[in-house]
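Numbered from 1 within each chain, the chains take letters A, B, ... in sequence-line order.
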Amino acid sequence: MPELPEAETIARELDRQVVGCVISSVRVLRRDVVHGDPRPIGRVVTGRHIRRVYRRAKRVIVAFDPPIEIVFHLGMSGRLSVEPSRVLAAKHTHLRLALDDDEVREIRFCDPRRFGGVWVLAGGTRQVGRKLGPLGPEPLQLTSKDFANILDRNRQVKALLLDQGAIAGIGNIYCDEALFRAGVHPLTSAADLSLRQRGVLLHSIKTVLRAAIKHRGSTISDYRQVDGVAGSFQHSNRVYGREGTACVECSAEIIRLVAAGRSTFVCAVCQPQQSM
DNA sequence: CGCATTTCCTGGAGGC
DNA sequence: TGCCTCCAGGAAATGC
């Protein structure tokens, strides 16, 4: 499930492969996957060249010249790939952007579960569209002071970390991994965390995200890099998906519970419940 | 306000 | 082998 490190990996690789390319044609295979600008996406981007590809939160953004942006939200099964146009497109490919280059490649957006989507944002107009809600700050750029303020709410810390409007880019996997490394129980009220604990938690979040980017993301089921290769950070997970196994720190059994409606993995010894 | 539940969707896993 | 049910989850909507 693509979170910040997966989106970052895809954005970097896409940028490397397609920056400067011109869109020669567009094929929309599922109309309801494309949102934003009401004009047909083909009319909007054909003939424009790709200025850069970057990431914001869990989104991969292709920026064009003249200025127009296509925002890809990968949901949980979304994939972006660059393939030769002659290669048969995978099932559930919803959008194909042909590149006017020698190899005749195209950018493909494939999303079987369709929790993701594509937003076309016309130049200047920052109307993000109803479905793309407000985003909190990037965790990797957050100061401990700002983070401490974000946590100053009577809310389960896990629910808060997953709230994209509070902090952008953290999903279920890295949330659990960061909480474990910080020794914080996911059901703790954020407001009950000491300043020191908040500092440790931010540090853990940054450490986990940076390490995951280095490993090019976690491939649990669907996620793949632009070239189809899996990421490898799933092998570094200490709690996520490890129910019933021994904690790497203390050998206690990792347990699964539900927090914020999601599967949540904790070591009850390393992450004690705080009394409130 | 906060939190749980439901909804969307497909494919993979497990039961029988 | 095949059919059924359940489960995964990002984010928004709804209900308590």
For a quick test of reading the model: is some side-chain N or O of A:Arg153 closer than 4.0 Å to OP1 or OP2 of B:dG2?
yes
If hydrophobic clusters are built by linking Ile, Leu, Val, Met, Phe, Trp and Tyr wherever their side-chain heavy atoms come under 4.5 Å apart, do A:Ile150 and A:Leu140 end up in the same one?
yes
d(NE2, A:His35; P, B:dC8) in whole Å
16 Å
Spacing of A:Asp152 atom CG relative to B:dC1 atom P, expressed in whole Å:
15 Å
I want to check something: taking the side chain as every heavy atom from C-beta on, are A:Val33 and A:Asp111 in contact at a cut-off of under 4.5 Å?
no
Would you say B:dC9 has OP1 or OP2 under 4.0 Å from some side-chain N or O of A:His92?
no
Qualifying residue, where the test is ring-ring contact (aromatic ring centres under 6.0 Å, His included) with A:Tyr240 and the options are A:Phe265, A:Phe180, A:Tyr174
A:Phe265
Do A:Thr9 and A:Arg216 get their side chains close enough for a donor-acceptor pair, meaning under 3.5 Å?
no
Can you tell me how far C1' of B:dG11 sits from CG of A:Asp111, to the nearest Å?
13 Å
Spacing of A:Leu74 atom CG relative to B:dC8 atom P, expressed in whole Å:
23 Å
Are A:Arg27 and A:Glu106 close enough that some pair of their side-chain heavy atoms sits under 4.5 Å apart?
yes
Which is true for A:Lys158 with a 4.0 Å heavy-atom rule: it touches a base, it touches only sugar-phosphate, or it touches nothing?
nothing
From CG of A:Asp163 over to C1' of B:dC1, roughly how many Å is that when rounded to an integer?
13 Å
Quick one: which protein N/O atoms are closer than 3.5 Å to N/O atoms of nucleotides 6-10 of chain C? Pair and distance per line, please.
| from | atom 1 | to | atom 2 | distance (Å) |
| --- | --- | --- | --- | --- |
| C:dA8 | OP1 | A:Arg256 | NH2 | 3.1 |
| C:dA8 | OP1 | A:Ser263 | OG | 3.1 |
| C:dA8 | N3 | A:Arg113 | NH1 | 3.1 |
| C:dG9 | OP1 | A:Asn172 | ND2 | 3.2 |
| C:dG9 | OP1 | A:Tyr240 | OH | 2.5 |
| C:dG10 | OP2 | A:Arg262 | NH1 | 2.8 |

B:dC8 P sits how many Å from A:Arg30 CZ, rounded?
14 Å
Establish, yes or no, whether the cationic atom of A:Arg52 lies under 6.0 Å from the six-membered ring centre of A:Tyr54 and within 45° of the ring axis.
yes
Base, sugar-phosphate, or nothing: which does A:Asn154 touch, judged by heavy atoms less than 4.0 Å apart?
sugar-phosphate
